[in-house]
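Taking it in order: structure first as structure tokens, then the write-up.
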Amino acid sequence: MKLSIVMPVYNEARTIAAAVERVSAARPGPEMELVLVDDGSTDGTRDILAGIRDKNPAWKVIFHEENRGKGAALRTGFAAATGEVVIVQDADLEYDPRDYPILLAPILDGHADVVYGSRFMGGGPHRVCFFWHSVGNRTITTFSNTMTNLNLTDVEVGYKAFRKEVLDSIKLRENRFGFENEITAKVARGKWRIYEVPVSYYGRTYAEGKKITWRDGFRALWCILKYRFI
């Protein structure tokens, strides 16, 4: 089985080299490709990625000329991915590539088409911060579940794995963080088999580079309603 790791990147000069190194070290099988999509970074990330590409010509490094958002970067990455299974990997070190075997197991065992990580199921280290973020996440997850009839615990989690055929069957529209709610609604409507597994979470503060804001929370609620019917 060939695995594609799709990594959207925006202004992560402090973490991108370490993130790529950890992904490479966690290689779970003999066939793995890394697809890095820079979404118009302005902090030197693009130069770092160019160097990574030169050292690893088999990896795909794609540059957006302007910032379009995480969802747009993921669409670009999914289109370029050639693996049978695709994992979304953020570049900010909040999620640990050593959890790949946990994410992949339900798919490899033939039980799942889609696997979501969960920061709330327990089983791995979880940085303690941002109480109101956790309240907002649970609110969004509950609202999403009422619209999709799923029982997820963490719809906003950054770690998701998909059979490539699932992604190929879905037309994605959201450019920013609304991707999480759009993909969930469309996977549910497609009757794909979804599993959840516990993952580690090394959250960071805004001083450390966290990007999601309260505005994205309101957009998430709107996307849950919008993609219930589209």
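All residue numbers in this chain count up from 1 along the given sequence. Given the structure is predicted, the values throughout are model-derived calculations rather than measurements.
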Is it true that [X] and [Y] make a salt bridge, defined as a side-chain N closer than 4.0 Å to a carboxylate O?
X      : Y      : answer
Asp43  : Arg14  : no
Glu182 : Lys226 : no
Glu33  : Lys2   : yes
Lys186 : Glu174 : no
Arg119 : Glu156 : no
Asp113 : Arg193 : yes

Taken to the nearest 0.5 Å, the spacing of Lys164 NZ from Leu3 CG works out to 12.5 Å
May I ask you to decide if [Y]'s main-chain N or O and [X]'s side chain share a donor-acceptor pair within less than 3.5 Å?
X      : Y      : answer
Lys191 : Ala188 : no
Asp99  : Ile102 : no
Asp39  : Arg68  : yes

Ring centres under 6.0 angstrom apart (Tyr201, Tyr95):
yes
Within 45° of the axis and under 6.0 Å from the centre of the six-membered ring of Phe120, does NZ or CZ of Arg138 qualify? yes
_Please determine whether side chain to side chain donor-acceptor pair (under 3.5 Å) holds for the pair Asn175 and Arg75, giving the CA-CA distance in whole Å, both sets of side-chain angles, and the decisive distance to 0.1 Å._
CA-CA 9 Å; Asn175 284 336; Arg75 286 200 303 273; 2.7 Å; yes
Heavy atoms only: give me the nearest [X]-[Y] pair and the separation to one decimal.
X      : Y      : answer
Met7   : Asp90  : CG-C, 4.1 Å
Val155 : Thr141 : N-OG1, 3.1 Å
Asn11  : Ser41  : N-OG, 2.7 Å
Val86  : Ala81  : CG2-CB, 4.2 Å
Ala17  : Ile52  : CA-CD1, 4.5 Å

Between Phe78 and Val88, is a side chain to side chain contact (heavy atoms under 4.5 Å, CB included) present by the stated rule, with each step listed?
CA-CA 9 Å; Phe78 293 159; Val88 176; 3.9 Å; yes
* To do: Indicate whether any N or O donor in one side chain lies under 3.5 Å from an N or O acceptor in the other, for Thr184 and Ser144.
  => no
| Can Asp154 and Asn137 be counted as having a side-chain donor-acceptor contact under 3.5 angstrom? | yes
- prompt: Please walk me through it: do Tyr116 and Tyr159 pass ring-ring contact (aromatic ring centres under 6.0 Å, His included)?
  reply: CA-CA 6 Å; Tyr116 281 34; Tyr159 252 176; over 10 Å; no
Taking side chain as C-beta onward, heavy atoms only, is Glu180 less than 4.5 Å from Lys160? yes
* To do: Evaluate the side chain to side chain donor-acceptor pair (under 3.5 Å) criterion for residues Glu21 and Ser24: first the C-alpha distance (whole Å), next the side-chain angles of each, then the deciding distance (0.1 Å), finally the verdict.
  => CA-CA 5 Å; Glu21 183 177 343; Ser24 182; over 6 Å; no
